[in-house]
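The structure appears below as structure tokens.
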Amino acid sequence: MERRFGRNDVLLLVILAGLCIGGMVLVHRSMTSGSLVQVMIDGELYGTYDLREEQTISVETDGIILNVIQIRDGQAQMTEADCPDQLCVHHAAIGRSGESIICLPNRVVVTVLGTKESEYDALAR
Ligand SMILES: [Zn+2]
């Protein structure tokens, strides 16, 4: 039976290692859920907001409210918009790093950022 030590054990180790890496990726993914929301109008930074803080953001230019973003339970959602298509309002809430809601007619882009560090990375690029 000692002869059985070999290929099968190596295979088992490979499977275990794979599961281990898979688990680590899952943990990493949950850790990269966004913590900041960045709002851009026409390519210019409008503001950065904390995703862990419940708040309502009115995005306005020249006193006209374009979009209203609501942050709740770690997720951001476009609740109101004066655009004709209303696509952004119907977009699901976002909460993961890299996700975004784009309001094309208003050129408003809401993006979830990861940690502050990754925000600096993005700026450095
Ligand atoms: Zn819109």
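We count ligands from 1, going down the list as the structure has it; atoms in each ligand are counted the same way. This chain uses plain numbering: 1 for the first residue, then up along the sequence. The basis for the numbers below is simple: all heavy atoms, side chains too, and nothing from hydrogens, waters or symmetry mates.
Counting only protein N, O or S atoms, the number found under 2.8 Å from the Zn ion (ligand 1) is 3.
Judged by distance alone, with hydrogens and angles left aside, the side-chain atoms of Q86 form a donor-acceptor pair with the main-chain N or O of A81 at under 3.5 Å. Counting only distance, with no hydrogens or angles, the side chain of Y46 and the backbone of E60 share a donor-acceptor pair below 3.5 Å.
Checked against I41 for a side chain to side chain contact (heavy atoms under 4.5 Å, CB included), the options N106, N67, T61, V109 give a single hit: T61.
Between V59 and V108, some side-chain heavy-atom pair lies under the 4.5 Å cut-off.
If you chain together ILVMFWY residues whose side-chain heavy atoms come under 4.5 Å of each other, L13 ends up in a group of its own.
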(request) Decide yes or no on side chain to side chain contact (heavy atoms under 4.5 Å, CB included) for I71 and V37, but give the supporting numbers first. (result) CA-CA 9 Å; I71 298 178; V37 173; 4.1 Å; yes
